[in-house]
2 protein chains.
Amino acid sequence: MQLAAHPHQPDYSPRQNAVLDSALRLLVDGGEKALTTAGVARAANCSKESLYKWFGDRDGLLSAMIGYQASKVRTFDDNAEALTAVTLREHLVLFARDLLEVLAGDVSLALNRLAIGQASREGSKLGSMLQERGRRQVGKRAGALLEAGRNAGLLAFDDRDEAYDTLYGLIVSDLHLRMLLGEDSGRMAKDFGRRAERAVSAFLRLYGRENGSVQPKGGRKT
Amino acid sequence: MQLAAHPHQPDYSPRQNAVLDSALRLLVDGGEKALTTAGVARAANCSKESLYKWFGDRDGLLSAMIGYQASKVRTFDDNAEALTAVTLREHLVLFARDLLEVLAGDVSLALNRLAIGQASREGSKLGSMLQERGRRQVGKRAGALLEAGRNAGLLAFDDRDEAYDTLYGLIVSDLHLRMLLGEDSGRMAKDFGRRAERAVSAFLRLYGRENGSVQPKGGRKT
DNA sequence: GGCGAACCGTACCGTACGGTACTGTGAATG
DNA sequence: CATTCACAGTACCGTACGGTACGGTTCGCC
């Protein structure tokens with residue numbers, strides 16, 4: 001497991017991190033509407049003036065919340081040495097389950113809703129921030145995994161991003177959006193295991209070279 | 001092309017539909033923040049009092065907007081008679097392109113953002129409304145297509161919903177969410193054709209019986 | 001013409017929020 | 001002890017929004 005450093009982002013003091021925690025709690029519980037500056041100040045036992053001194057304005061607070069949360073959700077690089085068909089499959093399934101659980105987390109859902117709500121307003125960088133921090137991070141893990149699989153002769157693809165896009169779609173489909181729209185995420189969380197298995201099986205049938213099933217002769221994709 | 005009737009929803013007068021059109025325009029242009037009752041009234045040249053008389057309150061207006069837009073986006077049942085491997089593929093690609101274009105439409109994006117923003121607040125039925133109206137509708141078309149493909153001996157699957165979920169994931173992946181987060185949808189719209197082809201090819205490799213490529217012996221899926 | 005319904009435009013009200021300023025306080029610093 | 005700093009708590013201000021009320025106008029109908 002390795003920590004991904006993000007030095008281009010201001011780090012906050014423990015006290016400020018605690019405030020950000022309170023703000024996240026507030027956002028998760030009550031949605032964006034409940035996330036008022038006075039509410040954050042009250043919940044965190046700090047003054048509004050301090051909020052504005054630390055984070056500039058409301059948008060700064062939101063950005064800080066996203067950055068803070070992203071700094072907490074760290075993915076490990078499962079070190080993919082000695083990959084076999086079996087261990088590759090295991091790693092992929094594990095990745096899929098982790099991905100689904102991250103996406104279904106209430107903090108993740110709340111932040112995505114927040115960023116989407118701000119996305120209409122031009123110049124709001126929350127969307128790209130979430131995109132950068134979230135997907136890029138988890139995508140790096142998947143990319144390394146895919147690359148390792150290819151190097152081990154277990155996977156066949158030309159474009160790594162394309163392969164990852166396919167994997168992502170197979171795993172998530174429209175589940176993320178449905179959860180964002182309010183569908184009960186807890187109810188469907190128990191199916192994550194089965195869903196991960198299904199998606200990885202399909203992915204290996206598409207991109208796998210020896211998966212115990214049919215193996216396409218040339219690994220052609222088109 | 002057949003129209004899908006939705007009699008369980010109150011129909012509005014032409015004047016009211018025009019007002020809803022203005023409201024949608026306003027929402028698309030300025031986001032949810034711009035969608036104020038006074039703004040809608042001004043844009044539609046009507047009075048706030050009429051708005052409240054017609055739609056009850058703001059939430060009623062939002063619901064009416066979703067219902068109205070859904071009533072405009074109608075999908076056709078491509079009548080799938082005499083399906084061959086080639087025509088099935090064509091129909092699937094057409095479906096995929098239509099789906100991507102619907103999802104990338106600015107009205108669709110704006111309404112999804114709106115519903116997601118309201119999703120945190122309990123009791124808001126906008127999310128389920130969009131879900132019902134949007135996905136169910138387009139899913140019916142896909143379901144019929146898949147069923148026809150199976151009846152013609154071209155597709156092999158047990159669970160139709162599962163197959164559709166896979167197809168949807170292959171087509172859309174996280175593209176919808178990225179667009180909702182503000183990524184420029186126009187820039188990526190030109191790749192919809194290639195993306196549709198790719199997704200359908202992958203889908204046919206997973207579920208197809210004779211697609212001109214490798215055909216798995218038993219059509220086994222797990 | 002008289003009448004009522006529908007409706008536009010606007011003024012109005014209560015409230016809530018973002019942001020600022022001020023006061024008090026406790027702890028560090030010299 | 002005096003000064004300074006960081007901060008909490010709170011009062012305050014301007015504004016914007018949801019919702020309501022009211023006067024004036026058009027249109028159909030008797």
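Naming convention: chains lettered A, B, ... in sequence-line order (proteins, then strands); numbering from 1 in each chain.
Defined by atom type and a distance below 3.5 Å, a donor-acceptor pair is present between the side-chain atoms of B:R89 and B:S201.
Taking every heavy atom of both residues into account, B:L180 and B:R113 meet most closely at O-NE, 2.9 Å.
One atom, CH2 of A:W54, and another, C1' of D:dC5, lie 14 Å apart when rounded to the nearest Å. B:L51 has its CG atom 11 Å from the P atom of C:dG9, to the nearest Å.
Sorted by first then second residue, the ring pair (Phe, Tyr, Trp, His ring centres under 6.0 Å) pairs that include residues 32-74 of chain A, not counting sequence neighbours, are A:Y12-A:F55.
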Which protein N or O atoms sit under 3.5 Å from an N or O of nucleotides 25-27 of chain D?
none

- Would you mind building the protein contact string for nucleotides 15-23 of chain C? One character per nucleotide, 5' to 3', B for base within reach (heavy atoms under 4.0 Å), S for sugar-phosphate only, - for untouched. --SBBBBB-
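For the pair A:I116 and B:L177, the minimum side-chain heavy-atom distance is below 4.5 Å.
In terms of the salt bridge (Lys or Arg N to Asp or Glu O under 4.0 Å) criterion, residue partners of B:D21 (sequence neighbours excluded) are, by chain and number, B:K72. For B:R136, the salt bridge (Lys or Arg N to Asp or Glu O under 4.0 Å) partners at least two apart in sequence or on another chain are B:E132. The ring-ring contact (aromatic ring centres under 6.0 Å, His included) check on A:Y168 picks up nothing, with sequence neighbours excluded.
For D:dA8, the OP1/OP2 oxygens have a side-chain nitrogen or oxygen of A:S50 closer than 4.0 Å.
Heavy atoms of B:R15 sit under 4.0 angstrom from primed sugar atoms or phosphate atoms, though from no base atom.
Atom CZ in B:F157 sits 10.5 Å away from atom OG1 in B:T166 (nearest 0.5 Å).
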